[in-house]
Amino acid sequence: MNSTNDMLDGIMSVIGQFDFSQVKERLFSLTIEKSRLISLLELLRQSGFSHLSLITGIDRIAEEKFEVAYTLFSWQSGVTVMTSVFTDRIDPVLPTIMEVWPVARFYERDVHEFFGIVFDGNPDLRPLILENWDGIPPMRKDFDSLKYSKEHFPDREYRADFLAEGSDGDE
Amino acid sequence: MEMSKEVKLFLGPNHPGMHGNASVHMYVEGDTVIKSRMVPGFLHRGFEKLMEQRTWMQNLALIPRICVPEPDINEMVYAMAIETLTGTQVPERAHWIRMLILELARLASHLMAMGGIGGATGLYTMPHWTLADRDLVLDIFEKITGARIYHMYIVPGGVRKDLPEGVEEDISKLLDYIESRKDEYENLLLKNRIIRTRTKGLAVLDREEAMRLGITGVALRATGIPYDLRKVDPYARYESVVFDIPTATEGDAFARFTLKYYEVAQTIRIIRQVLEKLPKGPVNTRVSSGSALRWEIPAGSVYSHVESSRGEYGYFVVSSGGDRPYRINVRGASFPQGLYGVEKLLPGNRIEDVALWLATMDFCPPEIDR
């Protein structure tokens with residue numbers, strides 16, 4: 001168990017540099033500045049958080065901000081760190097972290113598609129999941145899914161032969 | 001004009017060698033894939049948006065539907081996240097029952113994945129056998145939870161209901177039966193000449209690459225590192241049971257699915273210990289003083305993850321203090337290999353091996369599309 005404690009001490013000395021809070025035993029959350037994003041993530045990666053679990057977009061509409069959370073995991077100590085960075089809601093741009101974790105390319109593409117956040121330096125921000133999407137990015141809080149659905153898939157008038165549709169020419 | 005030697009081929013979204021509805025676009029030269037790209041989205045059902053529009057408790061009916069072969073992991077990570085945010089204590093017995101459910105789910109999922117090899121190699125005895133055996137696991141699920149596929153059994157605060165009387169015996173019999181199939185499975189899967197020839201040395205993944213790509217689960221363990229969240233970041237009561245993490249060093253397709261086979265034995269070992277040690281007591285705590293549908297969760301962000309049969313499966317849950325989630329993000333285990341792996345690692349393989357590549361890399365489109 002000693003080595004685990006040593007590892008935790010090591011991790012605390014790294015995390016301690018940031019504005020952090022402990023959510024539970026092996027889960028920490030910290031907020032970092034946008035301008036130092038890449039250098040701090042690189043530092044965390046070198047301190048053992050070698051695994052990028054997830055990049056999450058969160059629309060903080062009340063504060064006029066987007067939060068992007070990078071969830072990192074250390075396989076050696078079992079500690080997870082949720083690293084948050086904030087950006088303006090209007091014209092949101094963040095640097096890409098593809099250099100640190102190449103797989104970030106796809107997580108960023110996903111966040112771009114659903115929140116409209118641009119990741120500067122990511123060459124591939126094409127739509128990933130949605131097809132022919134013409135609304136605002138759908139995971140934003142001001143996107144009204146019911147309204148969009150009513151506009152794009154209008155109600156059809158009921159007809160008595162509704163179910164027979166498609167069976168034309170069967171007989 | 002010179003004729004291009006490149007031909008564009010589509011694998012999926014509907015194809016016997018494809019695992020679920022996703023499409024791989026490949027450029028092939030002769031028999032070799034030179035460029036490939038995953039096109040997901042056929043199964044996008046907007047779960048994350050839907051979850052924001054339902055109350056915390058209503059979501060229990062929604063979340064298992066994200067992943068069909070192994071729905072219980074969704075319930076587990078969701079419950080774990082809510083328990084962390086609210087500080088809910090889970091009764092001891094519930095922890096053990098959760099472990100039982102998760103391991104039964106792993107058993108069902110591994111059996112299904114082992115059958116998947118059959119589809120890709122054309123040896124259809126395997127899927128027939130494993131899916132029939134998986135059905136017996138589903139019978140147990142039906143007895144415990146009332147449902148075969150989507151159980152909605154693990155809830156915040158514990159599990160929905162105590163185990164029915166006598167189910168321990170049924171589970172014991174099932175485990176005996178699956179163990180009695182060992183020789184037959186080994187003959188069919190591990191000693192099979194065709195499978196060995198086709199998968200040995202195929203799609204080799206080295207350790208550095210796997211780590212850089214964020215690949216987890218069997219594909220990572222096949223490169224020689226025993227990284228399993230049940231050991232590294234234990235949840236439920238995994239620290240109180242004894243089990244091994246099978247690893248291999250080859251990193252090829254054969255190593256990956258053999259590990260799955262060996263994990264089945266470990267899963268059986270865990271279930272037997274759970275049955276033996278299962279404590280008595282309540283199975284859930286009352287989570288809300290009024291109607292649970294109006295339950296409000298304190299504000300905060302939390303990430304919870306478990307080891308699914310395919311690797312790390314997690315939820316990033318954000319609450320703003322209301323009766324609905326503010327944001328939930330699903331981390332599917334097959335996201336890295338499904339998207340990045342197909343672009344980076346699939347080229348260089350032959351067309352006939354693409355289905356095998358996908359089958360052994362553990363690839364489940366509903367997790368990517370959500």
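Numbered from 1 within each chain, the chains take letters A, B, ... in sequence-line order.
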Within the 4.5 Å heavy-atom criterion, are B/Glu48 and A/Pro138 side-chain neighbours or not? no
Pick from B/Val39, B/Leu43, B/Leu229 with the largest number of heavy-atom pairs that fall under 4.5 Å of chain A: B/Leu229
Whatever's closer than 4.5 Å to a heavy atom in chain A on B/Leu339 counts as both
Could you look at A/Tyr107 and say if it's the side chain, the backbone, both or neither that has a heavy atom under 4.5 Å from chain B? both
Identify which part of A/Leu52 has an atom lying under 4.5 Å from any heavy atom of chain B, answering side chain, backbone, both or neither. backbone
Distance in Å, A/Glu25 CD paired with B/Asp233 CG, rounded so as to fall on 0.5 Å steps: 8.5 Å
Who wins among B/Lys344, B/His305, B/Met211 for the most heavy-atom pairs under 4.5 Å with chain A? B/His305
In Å and rounded to the nearest 0.5 Å, what is the OH to CZ distance from B/Tyr235 to A/Arg26? 11.5 Å
Note: A/Val103 and B/Arg212 closest approach over all heavy atoms is CG1-O, 4.3 Å
OG1-CD1 distance between A/Thr56 and B/Ile328, expressed to the nearest 0.5 angstrom: 11.0 Å
May I ask you to name which of A/Gly57, A/Ala104, A/Pro127, A/Ser21 has the most heavy-atom pairs under 4.5 Å with chain B? A/Gly57
Under 4.5 Å heavy-atom distance to chain B, tell me which part of A/Arg126 shows up: side chain, backbone, both or neither. side chain
Counting neighbours of NZ on A/Lys147 that are heavy atoms of other residues, nucleotides or ligands and sit closer than 6.0 Å, is the number greater than 12? no
Heavy-atom nearest pair, A/Ser53 first then B/Glu312, reads OG-OE2, 2.8 Å
Please step through side chain to side chain contact (heavy atoms under 4.5 Å, CB included) for the pair A/Arg60 and B/Tyr326, ending with a clear verdict. CA-CA 9 Å; A/Arg60 301 283 187 187; B/Tyr326 191 75; 4.2 Å; yes
Could you check which of B/Thr216, B/Ile225, B/Val330, B/Leu85 has the highest count of heavy-atom pairs closer than 4.5 Å to chain A? B/Thr216
Where does A/Phe114 contact chain B at under 4.5 Å (heavy atoms): side chain, backbone, both or neither? side chain
Atom group of B/Val318 that falls short of 4.5 Å from chain A, counting heavy atoms: side chain
Identify the heavy atoms of B/Tyr303 and A/Leu27 that sit nearest to each other, and give their distance. O-CD2, 3.6 Å
Spell out, as yes or no, whether a donor-acceptor pair under 3.5 Å connects the side chain of A/Lys24 to the backbone of B/Gly87. no
Which portion of B/Ser301 sits near chain A, non-hydrogen atoms under 4.5 angstrom: both
Hey, does B/Tyr227 have a side-chain heavy atom less than 4.5 Å from the side chain of A/His51? no
B/Glu343 and A/Arg105 have their tightest heavy-atom pair at OE1-NH2, 2.7 Å
What are the two closest heavy atoms between A/Ser145 and B/Gln53, and how far apart are they? OG-NE2, 2.8 Å
Is it true that B/Arg370 and A/Asp110 have a side-chain N and a carboxylate O under 4.0 angstrom from each other? yes
Return yes when atom CD of A/Glu99 has more than 12 non-hydrogen atoms of other residues, nucleotides or ligands closer than 6.0 Å, and no otherwise. no
Any idea which of A/Trp101, A/Phe73, A/Phe143 has the most non-hydrogen atom pairs under 4.5 angstrom with chain B? A/Phe73
Checked B/Pro336, B/Gly314, B/Gly46, B/Pro234 vs chain A; the most non-hydrogen pairs under 4.5 Å come from B/Pro234
At a heavy-atom separation under 4.5 Å, does A/Thr80 approach chain B through its side chain, its backbone, both, or neither? side chain
Between A/Leu146 and chain B, with a heavy-atom cut-off of 4.5 Å, which part of the residue counts as in contact: side chain, backbone, both or neither? neither
Ranked by heavy-atom pairs below 4.5 Å to chain B, first place among A/Leu130, A/Val100, A/Ile55, A/Thr71 goes to A/Thr71
Which bit of A/Met139 comes within less than 4.5 Å of chain B, counting heavy atoms only: side chain, backbone, both or neither? both
Quick one: does A/Lys141's side chain get under 4.5 Å of B/Glu52's, heavy atoms only? yes
